[in-house]
There are 2 protein chains.
Amino acid sequence: MLIKDLAPERLEKIAQLLRKRHVVRVQELCEIIGVSPATVRRDLTEMETRGLIRKVHGGAVSANPRMSEPLFDDKATLRAEEKQHIAKAALELIEPRDTIFLDGGSTVLALATQLASMNHLTIVTNSLRVASALSGSGPRVIVIGGELRTLSQTFVGPLTGLMIEKLHVDTVFMGTIGLDIAKGLTTTDPREAYTKQQVIQSARRVVLLVDSSKIGAVSFVGFGAVADVDTFITDNGASKRDLQAIRKENVAVVTA
Amino acid sequence: MLIKDLAPERLEKIAQLLRKRHVVRVQELCEIIGVSPATVRRDLTEMETRGLIRKVHGGAVSANPRMSEPLFDDKATLRAEEKQHIAKAALELIEPRDTIFLDGGSTVLALATQLASMNHLTIVTNSLRVASALSGSGPRVIVIGGELRTLSQTFVGPLTGLMIEKLHVDTVFMGTIGLDIAKGLTTTDPREAYTKQQVIQSARRVVLLVDSSKIGAVSFVGFGAVADVDTFITDNGASKRDLQAIRKENVAVVTA
DNA sequence: TTGGTTCTGATTGAATATGATTAAGTAGAG
DNA sequence: CTCTACTTAATCATATTCAATCAGAACCAA
C-alpha cells in the first residue's frame, strides 16, 4: 500500500515531540495521539523515508540533530548552567576575525552554539556536533576529517592528524576528561589523546574549558601538561587551592 | 464544471478556521457550515488550486504555516518515494564488507539511512548530513574534512582534495544536479564539481543515483562524462529513449 | 414560458487509512 | 548460550473518504 496522505496532524505532533526530546517510543506515542501501534509505525516509516527521523527498536530518534534543541544525550544536560557560564567567559577571549579551533566535549559545544552569529570568524573543528551546530550559519567552518569515533562524535586517526598538520590556528578551545597537577591532562581514548596533542602543538594559544568536577580527575591517556595551557576557564565550584596550584604552572585562570 | 463564484462566505469561514488551527476535517466543516460533504470538498479543491490550503485525506491543512514548514518544505521530502526506491536498488550493489563513498545530495542521503545497520561496512563521505545520519550506529564512518559549504552541507576545497587523494574506495554512490548525454554530469558549484571529479577518479566503480527529473538537465559546472559512470540508477519516470542513449555509453542502467 | 447557467446534494465505485492478527525478529536477563 | 518478553513487518478486513457523474433547484434573460 502506498501512503500518500496521512493525517499531518500526527506527523506534526511527532516532529514536535522529537524537537524537544530527541527520542520517542511507539507506545508513548500511541497514548498521546490515541491511535494504534500500527498507525504510529506507519507514520514513523513515512517520516523516515522523508529523512526526518531515524527509526530504532522501540521508537525513533530525530535525524538531523541541528533541529532539536536539547539534543545531546545526558552529558550535555549535566551541569548545563556551569557550562554556559564557562562558555560566556570564553567568548571574551575571541577577537572578531580570529581563527579558532574547537575540539569535542560538551563544554566546548556550549561555546560553539554562542558563536553562530559571528560572521567573520573561522572555526576549525574535529567534532561532528560542533559542525552540526554551526552548519547553518555565520562563521566559516572547516572540519578536520577522519574516522568518526562514535562515543565522542569526533574525528580521530591518521587522516585527522594529516589535516591538523596543515593548519595553524590562533586559539584552541579544548575540553578534557581529567585534569591533575601532577598527571596533567588526560582523556579516555588514545587516538583522541593523540589528536588533542597535535592540536595543542598547532595552536598559538591554548584555552582549556573545564567544569570544576574534572579537577583532580585522572583518566586513561595523557595528552599534555598543565603548563601547556595558556588560559584555564572553570566555574566557581573549584577550590582555591587547586586554582592556586594551576596558577603556579604559569596558567591564567578564569572562574566564571 | 468550472466553479466561478461559489459562496465566498464559506471560503472565508474555512480560511478563518484554518488560521486558528492548522487542520480541519471535512465532516466538521459540514456541521459548522451546514452543507453537504460534496460541497465542502469542492470548496477545498477550489482553495487548493488557489494555493490557500493543502488537501489531505480527511480534510485540509493550511498551506504555509510555520509549524509544518520544516516537514513539507525540506528538499529531502521532494520525490521522497522515488528516492527511496532508487536507494533500495543501490543497496543491491553493496557487499557486506565494502568500502564505499557517499557524496552529498538527497538521494544519496536516502541510501545512507538504509545503511545504518550494516555493521561491517566502511563508509567514506564528504557530506555532513550523511555523517550525522550514520553517527550513532553500525558502519565505520570516515569523513572527508574541508570547508563546509553551507547550501549543500558538504565539505569542499583544497583540504578536501588532499584527503580524497589518500583514499581509494570500492564504489562511490553519487548524485548530480544535471545529466545530459552531450554535456555530461553537471552541478552548480565549481568546488563541489572539483571534489566530485576527484572522487570519481579515486573509485573503482561509480554508481550514479539520479531521480528522473534530472535527466536532460544541464547545470553550471561539469564534473564528468556519462561514460565515466559504471552503473546508473533512476526511477521509472525516465523515458526509454534517454535510457537507451545512456546504455550506448557503456553504462549499466537500473530502473527502480 | 423556455432555455441556459450555476451551484448543490445524492449515488456509486474506487481509493485510502486504520486496527487486528500473526509470524518473524530483536533485545535483555539469567 | 537460551529463554522470555517485547517489538516489528506483513497481511487482511473494515470503515472512511474521495472523485466522478447525474439530477434537481435557484436564478437570470429573452
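So that the names make sense, note that chain A is the first sequence line, chain B the second, and so on, each numbered from 1.
Every residue meeting the side-chain hydrogen bond (donor to acceptor under 3.5 Å, both in side chains) condition with A/Ser213, not counting sequence neighbours, appears here in chain and number order: A/Asp211. Remark: B/Glu95 pairs with no residue by the salt bridge (charged side-chain N to carboxylate O under 4.0 Å, His left out) rule, at least two apart or across chains. Considering only residues two or more places apart in sequence or on other chains, B/Arg21 meets the salt bridge (charged side-chain N to carboxylate O under 4.0 Å, His left out) condition with B/Glu28.
We find that CZ of A/Arg10 is positioned 8 Å from C1' of C/dA17, with the value rounded to whole Å. The interatomic distance linking B/Glu46 (CD) with C/dT6 (P) rounds to 14 Å, in whole Å. Across the protein-nucleic acid pair, B/Arg42 atom CZ and C/dA10 atom C1' stand 10 Å apart, rounded to whole Å. Counting to the nearest Å, the P atom of C/dT16 and the CG atom of A/Asp43 are 17 Å from each other.
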Each nucleotide N or O in nucleotides 6-10 of chain D that has a protein N or O under 3.5 Å away: list the pair and distance.
{"residue": "D/dT7", "atom": "O4'", "partner": "A/His57", "partner atom": "NE2", "Å": "3.4"}
{"residue": "D/dT7", "atom": "O3'", "partner": "A/Gly58", "partner atom": "N", "Å": "3.1"}
{"residue": "D/dT8", "atom": "OP1", "partner": "A/Val56", "partner atom": "O", "Å": "3.4"}
{"residue": "D/dT8", "atom": "OP1", "partner": "A/Gly58", "partner atom": "N", "Å": "2.5"}
{"residue": "D/dT8", "atom": "OP1", "partner": "A/Gly59", "partner atom": "N", "Å": "3.4"}
{"residue": "D/dT8", "atom": "OP2", "partner": "A/Arg41", "partner atom": "NE", "Å": "2.9"}
{"residue": "D/dT8", "atom": "OP2", "partner": "A/Arg41", "partner atom": "NH2", "Å": "2.8"}
{"residue": "D/dT8", "atom": "O5'", "partner": "A/Arg41", "partner atom": "NE", "Å": "3.4"}
{"residue": "D/dA9", "atom": "OP1", "partner": "A/Lys55", "partner atom": "NZ", "Å": "3.3"}
{"residue": "D/dA9", "atom": "OP2", "partner": "A/Lys55", "partner atom": "NZ", "Å": "3.3"}

Are there any protein N/O atoms within less than 3.5 Å of an N/O atom in nucleotides 25-28 of chain D, and if so, which ones and at what distance?
none

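The backbone N or O of A/Thr187 sits less than 3.5 Å from a side-chain atom of A/Ser219, completing a donor-acceptor pair. In this structure, A/Asp103 contributes its side chain and A/Gly175 its backbone to a donor-acceptor pair below 3.5 Å.
Considering only side-chain N and O atoms, A/Thr39 lies under 4.0 angstrom from the phosphate OP1 or OP2 of C/dG19.
Using a 4.0 Å cut-off between charged nitrogen and carboxylate oxygen, A/Arg19 and A/Glu12 count as a salt-bridge pair.
Screening B/His22, B/Arg54, B/Lys20 for a side-chain hydrogen bond (donor to acceptor under 3.5 Å, both in side chains) with B/Ser62, the sole residue that qualifies is B/His22.
Contact detail for A/Gly222 and A/Ala193: the closest heavy-atom pair is O-CB, 3.9 Å.
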Before you tell me yes or no, could you show the steps for B/Asp230 and B/Arg205 under salt bridge (charged side-chain N to carboxylate O under 4.0 Å, His left out), namely the whole-Å CA-CA distance, both residues' side-chain angles and the distance that decides it to 0.1 Å? CA-CA 6 Å; B/Asp230 294 293; B/Arg205 182 171 59 155; over 6 Å; no
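Distance check: B/Thr45 OG1 to B/Arg50 CZ gives 11.5 Å after rounding to the nearest 0.5 Å.
Side-chain atoms of B/Glu192 and B/Ser152 form a donor-acceptor pair, as typed in the model, at a separation below 3.5 Å.
Comparing the start and finish of the helix from C/dT1-D/dA30 to C/dG30-D/dC1, five pairs each, the helix axis swings through 30°, to the nearest 10 degrees.
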